[in-house]
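Have a look at the structure below before the remarks.
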Amino acid sequence: MHDIRLIRENPEGFDAGLARRGLEPLARALIVLDEERRAATTAVQVAQSRRNEASKLIGAAMAKGDRDTAEAVKAEVAALKDSMPALEARADDMAAKLKAALEIIPNLPADDVPHGMGEEENVEVSRWGTAREFDFTPKEHADLAPALGMDFETGARLSGARFTFLRGDMARLHRALGQFMLDVQTREHGYEESNPPVLVGDDAMYGTDKLPKFGNDSFQTNLTYDDERLKAQYFEWAQAGGDVAEPEQIAQAAVEISQLRRRQKDTDRRWLIPTSEVSLTASVMGELLDESALPMRLTALTLCFRSEAGAAGRDTRGFIRQHQFEKCELVSIVRPEDSEAEHQRMVRAAETILERLDLPYRKLLLCTGDMGFGARKTYDLEVWLPGQGAYREISSCSNTGEFQARRMNTRYRVAGEQKKTEFVHTLNGSGLAVGRTLVAVIENYQNADGTVTVPDALLPYMGGVTRLEPAK
RNA sequence: GGAGAGGUGGCAGAGUGGUCGAAUGCGCCGCACUCGAAAUGCGGUUUACCGGCAACGGUAACGUGGGUUCGAAUCCCACCCUCUCCGCCA
């Protein structure tokens with residue numbers, strides 16, 4: 001969320017930032033909205049001020065027993081009050097309009113983010129590792145892994161496309177990766193291990209800029225309904241005995257059930273987190289923190305859920321793009337002056353995992369046109385997949401500045417300064433996406449005979465298993 | 001799910017229709033005392049928004065949303081959350 005005061009002070013700078021994102025200028029329109037909003041607010045406050053003044057007069061008159069004066073002033077206030085609802089409605093309306101306009105505008109890019117329109121213009125910052133020389137043609141994981149326990153067919157049968165059933169040592173290797181990541185991030189990089197809810201309310205999603213714009217990208221629960229009514233309904237059907245199968249009756253029942261569903265309360269609705277960035281970051285939602293609590297570093301290994309609404313047809317084969325996947329997430333809550341250094345530190349924490357697993361990767365600084373909605377600067381890590389002969393994203397680390405903190409209202413009290421509060425900066429990054437790391441291990445550690453060697457770093461987690469082998 | 005209690009400032013905790021934005025304690029900031037520290041004393045200390053260069057003035061907020069009233073932290077209604085007990089249950 002942007003600060004309207006900054007836009008007011010520097011409209012050209014704001015529009016220039018939008019232009020770098022490829023967006024039309026908006027400052028002028030926002031400022032007009034804001035002026036109307038402020039005028040409406042002032043009108044309300046003037047009326048309230050008069051009302052309060054008069055009410056005090058009444059109180060004083062009553063105390064003195066001067067009923068005549070009290071009644072006279074009461075009449076005056078009554079007239080004033082008639083005009084107030086309209087003023088208040090106008091002020092509320094203008095505030096809501098400004099908020100609605102602001103909340104769908106993405107964060108502005110940091111100055112050092114390269115200009116560009118799409119992913120082709122991202123800047124490669126560095127490469128690590130050497131791609132292994134194969135004396136056979138390396139396979140893609142989607143071809144190699146089914147024999148080793150990555151069961152796409154069963155996943156699809158249970159849940160549809162983009163769901164996978166992992167079996168045996170493949171499932172164990174997946175678990176080993178998650179444990180390994182969590183252990184490195186907690187023990188070596190100072191992140192506090194967390195186990196947060198993966199179902200969250202609207203506020204947490206809004207605060208981490210997933211709402212209102214990206215509701216379609218996430219799954220939501222919405223099927224709680226009135227149990228008693230349903231039970232009664234079923235009881236009725238049972239009583240009806242053989243007549244239950246009457247088409248009209250069934251249709252009627254179906255209509256009633258769908259009505260019950262629609263009447264659910266808003267509070268019954270939860271979102272399945274698309275990333276535990278949501279849970280971890282929103283854990284400080286609405287708080288006024290002590291400066292001494294910063295930096296706050298949190299990590300969690302959780303399931304993540306994405307509808308992939310905009311990705312129809314992309315990566316449908318294999319384990320790269322799933323509706324449900326695990327990720328070891330890193331979140332930092334820091335002072336503004338520390339956020340750039342923290343960003344670098346976070347990327348290093350993610351890189352460490354790839355290096356320990358000896359997986360070649362490259363680091364990209366995303367250009368303005370490829371950054372996510374809330375980010376002001378983002379690094380992506382892309383891992384080498386020899387089967388595909390391509391680098392694929394495996395981590396994304398973003399500094400959102402105070403963008404999310406404003407939405408969440410998360411501030412801290414500046415030490416030594418009596419009155420000062422400031423918004424924190426929030427950062428999030430994957431350290432790493434477990435499913436994609438599993439893909440990378442399979443493709444990089446595959447052997448000519450169709451087996452996969454377990455990387456050394458994971459051996460402590462594998463209970464003696466040193467390679468994945470096809471079932472006999 | 002049932003019964004009861006409760007949600008107030010950074011924290012704890014008073015306040016049940018009118019100078020209550022809110023006592024008190026803790027914490028924090030400043031000053032005094034001290035060589036220094038502790039202890040003590042004095043003063044200050046909620047947040048957001050609107051107006052103003054500023055000093056300052058105004059408005060709002062006592063879980064959330066409605067309502068009653070000239071006036072609501074205080075009364076009424078709904079909802080959310082927490083705690084205790086009971087029931088059910090992975």
Side-chain angles (χ1 to χ4, degrees), chain A residues 1-9 31 33-85 87-99 102 195 197-204 206-207 224-232 263-270 282-294 296 402 405-424:
Chain A
M1 182 77 89
H2 291 285
D3 183 0
I4 185 63
R5 280 175 300 189
L6 292 183
I7 298 173
R8 224 189 286 158
E9 281 166 24
I31 287 170
L33 263 183
D34 183 50
E35 277 166 2
E36 290 176 30
R37 180 198 124 244
R38 282 148 68 205
T41 302
T42 302
V44 169
Q45 291 186 353
V46 166
Q48 287 171 328
S49 179
R50 256 189 250 140
R51 181 201 63 196
N52 290 349
E53 212 177 343
S55 290
K56 278 183 188 162
L57 281 178
I58 294 168
M62 299 283 264
K64 275 190 284 180
D66 185 353
R67 290 196 62 84
D68 290 347
T69 306
E71 289 305 322
V73 181
K74 268 193 197 182
E76 189 192 318
V77 176
L80 175 65
K81 276 185 70 183
D82 285 342
S83 68
M84 288 180 62
L87 294 175
E88 282 166 8
R90 165 96 180 143
D92 288 349
D93 183 47
M94 292 315 300
K97 278 187 176 143
L98 181 63
K99 183 170 179 249
L102 284 173
N195 195 316
V198 299
L199 292 173
V200 300
D202 286 3
D203 290 348
Y206 179 86
T224 53
Y225 36 90
D226 190 328
D227 282 348
E228 287 310 310
R229 288 279 314 266
L230 272 184
K231 270 184 216 156
R263 274 217 320 270
Q264 63 166 318
K265 292 170 290 188
D266 280 353
T267 47
D268 287 335
R269 184 179 63 192
R270 300 279 137 76
S283 69
V284 293
M285 176 167 70
E287 294 206 48
L288 179 53
L289 301 166
D290 217 63
E291 184 168 3
S292 62
L294 306 177
M296 199 179 280
E402 61 175 41
R406 280 187 173 281
R407 292 171 90 96
M408 297 192 297
N409 192 26
T410 302
R411 295 157 299 151
Y412 74 99
R413 200 181 284 287
V414 180
E417 294 205 40
Q418 236 351 263
K419 305 218 116 187
K420 211 165 166 199
T421 65
E422 278 193 45
F423 288 108
V424 297

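Here is the naming used below: chain letters follow the sequence lines, and residue numbers restart at 1 for every chain.
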Suppose you measure atom [atom1] in [N] against the same atom in [M]; what distance do you get, rounded to whole Å?
N: B/U46; M: B/A23; atom1: C1'; value: 15 Å
N: B/C70; M: B/G63; atom1: C1'; value: 28 Å
N: B/G25; M: B/A14; atom1: C1'; value: 11 Å
N: B/G66; M: B/G21; atom1: C1'; value: 23 Å
N: B/U19; M: B/G87; atom1: P; value: 48 Å
N: B/C42; M: B/C79; atom1: P; value: 50 Å
N: B/G7; M: B/G13; atom1: P; value: 10 Å
N: B/C62; M: B/U16; atom1: C1'; value: 13 Å

Whole angstrom value for the distance that separates [atom2] of [N] from [atom1] of [X]:
X: A/Leu98; N: B/A48; atom1: CG; atom2: C1'; answer: 15 Å
X: A/Asp202; N: B/U64; atom1: CG; atom2: C1'; answer: 14 Å
X: A/Arg51; N: B/U69; atom1: CZ; atom2: P; answer: 14 Å
X: A/Asn52; N: B/G58; atom1: CG; atom2: P; answer: 11 Å
X: A/Tyr412; N: B/U47; atom1: OH; atom2: P; answer: 15 Å
X: A/Glu53; N: B/G57; atom1: CD; atom2: P; answer: 15 Å
X: A/Met285; N: B/C81; atom1: CE; atom2: P; answer: 13 Å
X: A/Asp203; N: B/G63; atom1: CG; atom2: C1'; answer: 13 Å

Need the pair for [N]. Rule: Watson-Crick or G-U wobble, both distances under 3.5 Å, any strand; none if unpaired.
N: B/C56; value: B/G51
N: B/U74; value: none
N: B/C79; value: B/G63
N: B/U69; value: none
N: B/A23; value: none
N: B/A3; value: B/U84
N: B/C42; value: B/G30

Please round to the nearest 0.5 Å and tell me the distance separating atom CG of A/Asp34 and atom CG of A/Leu102.
8.5 Å
With a 4.5 Å cut-off on side-chain heavy atoms, are A/Val424 and A/Met296 touching?
no
Can you find a pair of side-chain heavy atoms, one from A/Lys99 and one from A/Met1, that are under 4.5 Å apart?
yes
If you find the nucleotide of RNA chain B closest to A/Val46 and the one closest to A/Leu288, which residue's nucleotide is nearer the 5' end?
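Its nearest nucleotide lies further toward 5', so the answer is A/Leu288.
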Assuming nearest nucleotide by heavy-atom distance, tell me which of A/Ala54 and A/Asn409 is located more 5' along RNA chain B.
A/Asn409
Would one find a side-chain N or O of [X] under 4.0 angstrom from OP1 or OP2 of [N]?
X: A/Arg411; N: B/A48; value: yes
X: A/Arg413; N: B/U46; value: no
X: A/Ser49; N: B/U59; value: yes

Restricting to non-hydrogen atoms, name the atom on [X] and the atom on [Y] that form the minimum distance, rounded to 0.1 Å.
X: A/Tyr206; Y: A/Arg407; result: O-NE, 2.9 Å
X: A/Thr410; Y: A/Met285; result: OG1-CA, 3.6 Å
X: A/Ala91; Y: A/Ala40; result: CA-CB, 3.7 Å

What are the atom names and distances for every N/O pair under 3.5 Å that joins the protein to nucleotides 49-53 of chain B?
residue	atom	partner	partner atom	Å
B/C49	OP1	A/Arg5	NH2	3.0
B/C49	O3'	A/Arg37	NH2	3.2
B/C50	OP1	A/Arg37	NH2	3.0
B/C50	O2'	A/Thr42	OG1	2.8
B/G51	OP1	A/Arg38	NE	2.8
B/G51	OP1	A/Arg38	NH2	2.8

Of the listed nucleotides B/C70, B/A48, B/U59, the one nearest the side chain of A/Thr421:
B/A48
What verdict does the salt bridge (charged side-chain N to carboxylate O under 4.0 Å, His left out) test give for A/Glu36 and A/Arg90, after you've listed the backbone C-alpha separation in whole Å, the side-chain angles of each residue and the deciding distance to 0.1 Å?
CA-CA 9 Å; A/Glu36 290 176 30; A/Arg90 165 96 180 143; 3.5 Å; yes
Could you list the donor-acceptor pairs under 3.5 angstrom formed by side chains in residues 42-50 of chain A, with sequence neighbours left out?
residue	atom	partner	partner atom	Å
A/Thr42	OG1	A/Arg38	O	2.9

Looking only at atom types and distance, does a side-chain atom of A/Thr421 sit under 3.5 Å from a main-chain N or O of A/Arg411, one as donor and one as acceptor?
no
